[in-house]
A.B. asks: 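Sharing a structure, written as structure tokens. Questions coming.
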Amino acid sequence: MKLARAFFARDSRLVAPDLLNKVLVAGDGRRGRIVEVEAYAEDDPAAHTYGGQTPRNASMFGPAGHLYVYRSYGIHWCANIVCAAVGSGAGVLLRALEPLDGLPLMRAARPLARSDRDLCRGPGRLSQAMGITGDDDGADLLARAARFRLLDDSTPPPADAHAHATPRIGISKAVDQPWRWIVPGNRFVSRG
DNA sequence: CGGGCGATACCCT
DNA sequence: GGGTATCGCCCGA
């Protein structure tokens, strides 16, 4: 079933752990279970929005439940889900998915992946596997004809799949905040 | 399967 | 012009 707007319109640090085990669905049938996320909050020195609104990060200041997609290291696309109230500049970075469906399409989208474990393990990888690009920046996950949607299907919700908090990865500021959540022991998490 | 390393182009200062 | 919310390749276990 589909998640309501109110689910996203909360503090990103509350939304992030709740996103674990939710299912990201592409219109062409590709599906993945979220197993790793990071929260970026309002007034968070590590957030792209910390210095204020620019053309690049504008969608992060928009309504909750939309995508904020940015280019990382000039090469990769990374996808966030916008959270909280309009103007907050907060969101949740999707860091890893467990591939559930549409594996042939994912493999075709990621010809360099050595194994299925590497299809969606990492924010750049999962965007490539699912087909998320800069064109999807600002897209509403709750729109009727959305290319990407988020479902509460939790196909098999494993018994041990509760959230575990750890420090965020790849940042240089606010490194001690434990705002990265993983499904403990899941082999599709980027770093155990 | 985990760690080290170099490449990449876009955006904002 | 500098820094970047990363990836793929290579190596050794």
Side-chain angles (χ1 to χ4, degrees), chain A residues 8 11-17 19-20 24 32 34-62 64 66-84 88-99 106-139 141 148 150 163-192:
Chain A
F8 303 101
D11 189 294
S12 59
R13 291 159 292 191
L14 298 177
V15 177
L19 280 172
L20 294 180
L24 182 65
I34 297 173
V35 296
E36 177 182 355
V37 294
E38 279 178 3
Y40 288 86
E42 190 169 14
D43 298 322
D44 175 359
H48 285 175
T49 51
Y50 189 61
Q53 186 168 340
T54 68
R56 179 211 196 193
N57 63 25
S59 54
M60 191 88 131
F61 287 95
H66 290 237
L67 288 175
Y68 162 53
V69 182
Y70 68 93
R71 208 187 257 293
S72 178
Y73 289 86
I75 313 166
H76 311 103
W77 296 110
C78 296
N80 296 255
I81 299 176
V82 180
C83 293
S88 302
V92 175
L93 172 68
L94 302 179
R95 285 200 55 95
L97 308 177
E98 176 173 345
M106 293 186 189
R107 296 187 192 108
R110 290 189 32 72
L112 297 180
R114 291 191 156 275
S115 75
D116 288 351
R117 183 173 179 248
D118 290 338
L119 285 177
C120 301
R121 190 174 57 113
R125 290 167 175 164
L126 80 85
S127 296
Q128 193 176 21
M130 292 294 285
I132 301 173
T133 71
D135 288 344
D136 300 300
D137 182 42
L141 293 170
F148 296 98
L150 202 51
H164 180 247
T166 71
R168 295 179 289 187
I169 293 178
I171 55 171
S172 55
K173 296 163 192 162
V175 292
D176 290 334
Q177 302 297 346
W179 294 344
R180 167 178 176 259
W181 283 270
I182 63 175
V183 174
N186 186 283
R187 73 188 224 96
F188 296 95
V189 168
S190 74
R191 201 192 292 181

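Letters A, B, ... mirror the listed sequences (proteins, then strands); counts begin at 1.
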A.B. asks: Reading nucleotides 2-7 of chain B 5' to 3', which nucleotides get B (base under 4.0 Å from a protein heavy atom), which S (sugar-phosphate only), which -?
C.D. replies: S-----

A.B. asks: Judged by each residue's nearest nucleotide on DNA chain C, which is more toward the 5′ side, A:Ala47 or A:Asp118?
C.D. replies: A:Ala47

A.B. asks: How would you label the contact of A:Arg187 with the nucleic acid (heavy atoms, under 4.0 Å): base, sugar-phosphate, or nothing?
C.D. replies: sugar-phosphate

A.B. asks: Return the set of residues passing side chain to side chain donor-acceptor pair (under 3.5 Å) with A:Arg125 (not counting sequence neighbours), or none when no residue passes.
C.D. replies: none

A.B. asks: Which atom pairs link the protein and nucleotides 11-13 of chain B when you take only N or O atoms and keep those under 3.5 Å?
C.D. replies:
residue : atom : partner : partner atom : Å
B:dC12  : OP1  : A:Thr54 : OG1          : 2.5
B:dC12  : OP1  : A:Arg56 : N            : 3.0

A.B. asks: Under the rule for salt bridge (charged side-chain N to carboxylate O under 4.0 Å, His left out), what residues qualify as partners of A:Asp116, not counting sequence neighbours?
C.D. replies: A:Arg107

A.B. asks: For the pair A:Asn57 (side chain) and A:Thr54 (backbone), establish whether a donor and an acceptor sit closer than 3.5 Å, ignoring hydrogens and angles.
C.D. replies: yes

A.B. asks: So does A:Arg13 pair up with A:Asp44, basic N to acidic O under 4.0 Å?
C.D. replies: no

A.B. asks: Just jot down the side chain to side chain donor-acceptor pair (under 3.5 Å) partners of A:Glu38, sequence neighbours excluded, or say none.
C.D. replies: A:Tyr40

A.B. asks: Side chain to side chain contact (heavy atoms under 4.5 Å, CB included) with A:Ile75: which residues, sequence neighbours excluded?
C.D. replies: none

A.B. asks: CH2 of A:Trp77 versus C1' of B:dA9: gap in Å, rounded?
C.D. replies: 10 Å

A.B. asks: Of all the heavy-atom pairs spanning A:Phe188 and A:Arg117, show the shortest one and how long it is.
C.D. replies: CE2-CA, 3.8 Å

A.B. asks: For residues 88-96 of chain A, run the donor-acceptor check on the side chains, cut-off 3.5 Å, and write out each pair with its distance to 0.1 Å, sequence neighbours left out.
C.D. replies:
residue : atom : partner  : partner atom : Å
A:Ser88 : OG   : A:Ala85  : N            : 3.3
A:Ser88 : OG   : A:Ala85  : O            : 2.7
A:Arg95 : NE   : A:Glu36  : OE2          : 2.8
A:Arg95 : NH2  : A:Ser190 : OG           : 3.4

A.B. asks: May I ask you to say what A:Ala46 touches in the nucleic acid, namely base, sugar-phosphate or nothing, with a heavy-atom cut-off under 4.0 Å?
C.D. replies: base

A.B. asks: Does A:Trp77 reach the side chain of A:Val69, with side-chain heavy atoms less than 4.5 Å apart?
C.D. replies: yes

A.B. asks: List the residues meeting side chain to side chain contact (heavy atoms under 4.5 Å, CB included) with A:Ser172, not counting sequence neighbours, and say none if there are none.
C.D. replies: none

A.B. asks: Listed by chain and number, what are the side chain to side chain contact (heavy atoms under 4.5 Å, CB included) partners of A:Ala129, not counting sequence neighbours?
C.D. replies: A:Met106, A:Arg110, A:Cys120

A.B. asks: For A:Pro45, what residues pass the side chain to side chain contact (heavy atoms under 4.5 Å, CB included) criterion, not counting sequence neighbours?
C.D. replies: A:Tyr50, A:Lys173, A:Ala174

A.B. asks: Identify the 5'-most and 3'-most nucleotides of DNA chain C with at least one atom closer than 4.0 Å to a non-hydrogen atom of chain A.
C.D. replies: C:dT4 to C:dC9

A.B. asks: Convert the base pairs of DNA chain B into dot-bracket notation, remembering that pairs crossing earlier ones are written with [ ] and that bases paired across to another strand are shown as |; include only Watson-Crick or G-U pairs under 3.5 Å.
C.D. replies: |||||||.||||.

A.B. asks: Working to the nearest 0.5 Å, report the span between CG of A:Leu141 and CG of A:Asp136.
C.D. replies: 9.5 Å

